[in-house]
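Read the structure below first, then the notes.
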Amino acid sequence: MEWVYIEDIGKYEGKDVELRGWVFNFRRKGKLLFIILRDGTGIVQCVVFKGDVGEEQFEKAKRLTQESSVIIRGSVKKDDRAPGGYEVSVKEIEPIFITKDYPITKKEHGVAFLMEHRHLWIRSRRQNAILRIRSEVIQAIRDFLYSRKFTLVDSPIFTPSACEGTTTLFEVDYFGKPAYLTQSGQLYQEAAALAFGKAYCFGPAFRAEKSKTRRHLTEFWQVEPEIAFANLDEAMKLAEEMLVYIIERVLERRKIELERLQRDTKILESVKTPFPRISYTEAVKRINELGESLEWGEDFGAPHETALANSFDSPFIVHRFPAQVKAFYMRRDPEDERLSLSFDMLAPEGYGEIVGGGEREYDLEILLKRIKEHNLPEEAFQWYLDLRRYGSVPHSGFGLGIERTIAWICKLPHIRETIPFPRMLDTVYP
RNA sequence: UCCAGCGUAGCUCAGCUGGUAGAGCGCCUGACUGUUAAUCAGGUGGUCGCAGGUUCGAGUCCUGCCGCUGGAGCCA
């Protein structure tokens, strides 16, 4: 008998199959057992009738509990009474492990309890759907960049010093010397871009900021493409096209999961390039018109970002931020020295910044000046300065935050559900 | 780091102006050939976060600490 996965069960109507999985729900009705079986790809109802399997197997099957593991053999039937439309008439049933006292029950639970049991919580329907969408998003990003002829060049996780000198880093003891967990792979991608033309890294980033909000993790994932000879406009265009590709892939291949999350996909379906674009200066004007007060030169706070994002129903781009609120390596706008050639992409529906990027400073003297202005240790940046000594070219890139992007695509209330094992201010378990 | 809220059964919670601890679910036993978070009958369940204080008496009031949740700043 062929072992099949539940997501493919429709192809086996009328045939005998073997399923291997776990008991998702279990109901007894006299000489009849209803087992909702879960195998990671879906769920299906299996019906055990005492008369079909015999006394001995029926007695064994009666001992099954929620999350017990089991192998079931039987025939696939179409039945409108079953959730999912198909059910399995069981001929043989072989319990593998009888679970006792599974902590996550069919009733409601609080967030703290579920987080404490995250290793079991990911078995649930909703978490399964979110993490399958995460897998699709990551696959889409890799496929997109591959098709655009980008080379994957992994950036290191241990770094000798702060990339940008702004955020707080996790320090580790590196054989007696301090090293830091990376907050961004970008600087290394600049080296990669000058070696490969188009390069990207995809990996975790770490921030030791004591942020306690629905939008923050201490360990999160980002993809960071960098393109030699590209300018700001070309970087913005690539970011838009990548996001559109991600959304199209999820809509196409993870429709069932979006439905399970009850995501209204209208906004996702309407996303197309080019995105609305607004300069920082225009954005400040608009924010003030919307009733929030913000002076030119200040970075957006949460209320400003929310007000601005609510005035769009698509992802949008804010470009040319004041140089003072951006990192030292951002190139200044030749038309206005106060501005940087930078951009942020913000998601609608209150999800905030999902992409940040721009054009990098490629002149050695200017970059040296910036490093001094920011009080950064020049020695640590010698390799980075070498990129401006040997064949320096204009180049641009950006970073896209995976978890925030998934949170928006799934319209989740909190970013912690978008990553299998979230690391937050007070959470390193499990 | 700062601000706010919450800690009572395995889970989700109720417990009034202080008077000897409650419900639903889960779990265990039994009944049922079509259940959909099944239903019905019976049973099981407590260091009221920790420490101190006020009081004849504290789950309830006060102080400190710990934990959790949300938000701010900062950021993706």
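Every heavy atom of this structure was used, including side-chain atoms; hydrogens, water molecules and symmetry mates were not. Throughout, a chain's letter reflects where its sequence line sits, starting with A, and its residues are numbered from 1. All values derive from a computational prediction rather than experimental measurement.
Applying the side chain to side chain contact (heavy atoms under 4.5 Å, CB included) criterion to A:P303, with sequence neighbours excluded, gives A:E292.
A:D344 comes within contact range of no nucleotide atom at all, as no heavy-atom separation falls under 4.0 Å. Contacts of A:L217 with the nucleic acid, taken as non-hydrogen atoms under 4.0 Å apart, include base atoms. Across all strands shown, A:F34 has heavy atoms under 4.0 Å from base atoms, whether or not it also approaches the sugar-phosphate. Note on A:G301: only backbone sugar-phosphate atoms sit closer than 4.0 angstrom, heavy atoms only; bases stay farther off. A:Q45 comes within 4.0 angstrom of a nucleotide base, judged by non-hydrogen atoms across all strands.
Computed from coordinates, the A:F343 CZ to B:A76 P distance equals 12 Å when rounded to whole Å. Going from atom NZ of A:K100 over to atom P of B:U44 covers 20 Å, rounded to whole Å. Rounding to whole angstrom units, CG of residue A:D79 and P of B:U35 are separated by 11 Å. Atom CD in A:E67 sits roughly 13 Å away from atom P in B:C27 (whole-Å rounding). Protein atom NE2 of A:H117 is 9 Å distant from nucleotide atom C1' of B:G10, rounded to whole Å. In this structure, A:L33 atom CG and B:U35 atom C1' are separated by 11 Å, rounded to whole Å. Computed from coordinates, the A:D299 CG to B:A76 C1' distance equals 13 Å when rounded to whole Å. Between the P atom of B:C75 and the CE atom of A:M330 lies a distance of 12 Å, rounded to the nearest Å.
The base-pairing partner of B:U17, taking Watson-Crick or G-U wobble contacts with both distances under 3.5 Å, does not exist among the strands shown. In this structure, B:G10 forms a base pair with B:C25, meeting either the Watson-Crick or the G-U wobble geometry with both donor-acceptor distances under 3.5 Å. When Watson-Crick and G-U wobble pairs are counted only if both distances are under 3.5 Å, B:G59 pairs with no nucleotide at all. In this structure, B:U1 forms a base pair with B:A72, meeting either the Watson-Crick or the G-U wobble geometry with both donor-acceptor distances under 3.5 Å. Nucleotide B:G34 forms no Watson-Crick or G-U wobble pair with any nucleotide shown, as no partner meets the under 3.5 Å limit on both distances.
A salt bridge links A:E18 with A:R73: the distance from a Lys NZ or Arg NE/NH1/NH2 to an Asp or Glu carboxylate oxygen falls below 4.0 Å. Electrostatic pairing of A:R249 and A:D143 counts as a salt bridge here, judged by a charged N lying under 4.0 Å from a carboxylate O. A salt bridge does not link A:K285 to A:E282: none of the charged side-chain nitrogens sits closer than 4.0 Å to a carboxylate oxygen.
With hydrogens and angles ignored, a donor-acceptor pair under 3.5 angstrom links the side chain of A:S211 to the base of B:C74. Between the base of B:C11 and the side chain of A:H109 there is no donor-acceptor pair shorter than 3.5 Å. For A:E87 against B:G34, a side-chain N or O and a base N or O form a donor-acceptor pair under 3.5 Å. No donor-acceptor contact under 3.5 Å links the side chain of A:R27 to the base of B:C32.
The phosphate of B:G70 (OP1 or OP2) has a side-chain N or O of A:R416 nearer than 4.0 angstrom. The side chain of A:K29 contributes no N or O atom lying less than 4.0 Å from OP1 or OP2 of B:C32. Using a 4.0 Å cut-off, no side-chain N or O of A:H414 falls inside it from OP1 or OP2 of B:U69. Residue A:K212 places no side-chain N or O under 4.0 Å from the OP1 or OP2 atom of B:G71.
Pairs of residues two or more places apart, or lying in two chains, that qualify as salt bridge (charged side-chain N to carboxylate O under 4.0 Å, His left out) and include a residue from residues 339-362 of chain A are A:E226-A:R360, A:R263-A:E349, A:K326-A:D344, A:R331-A:E359, A:E349-A:K411.
Among the nucleotides B:C32, B:G71, B:U1, the one closest to any side-chain atom of A:L425 is B:U1. Between B:G34, B:U12, B:A76, one nucleotide has an atom nearer to the side chain of A:E353 than all others, and that is B:A76. Set against B:C68, B:C32, B:G70, the side chain of A:R28 has B:C32 as its closest nucleotide. Listed nucleotides: B:G71, B:C74, B:G34. Nearest to the side chain of A:V47: B:G34. Counting only heavy atoms from C-beta on, A:K210 has its side chain closest to B:U1 among B:U1, B:A76, B:G71. The side chain of A:R207 sits closest to B:C75 out of B:C74, B:C75, B:G73.
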**Request:** For A:S396 and A:E234, run side-chain hydrogen bond (donor to acceptor under 3.5 Å, both in side chains): C-alpha distance rounded to whole Å, both residues' side-chain angles, the deciding distance at 0.1 Å, then the answer.
**Result:** CA-CA 8 Å; A:S396 301; A:E234 287 157 339; over 6 Å; no
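The gap from the C1' atom of B:G57 to that of B:A21 amounts to 16 Å, rounded to the nearest Å.
Between the side chain of A:Y200 and the backbone N or O of A:Y146 there is no donor-acceptor pair closer than 3.5 Å.
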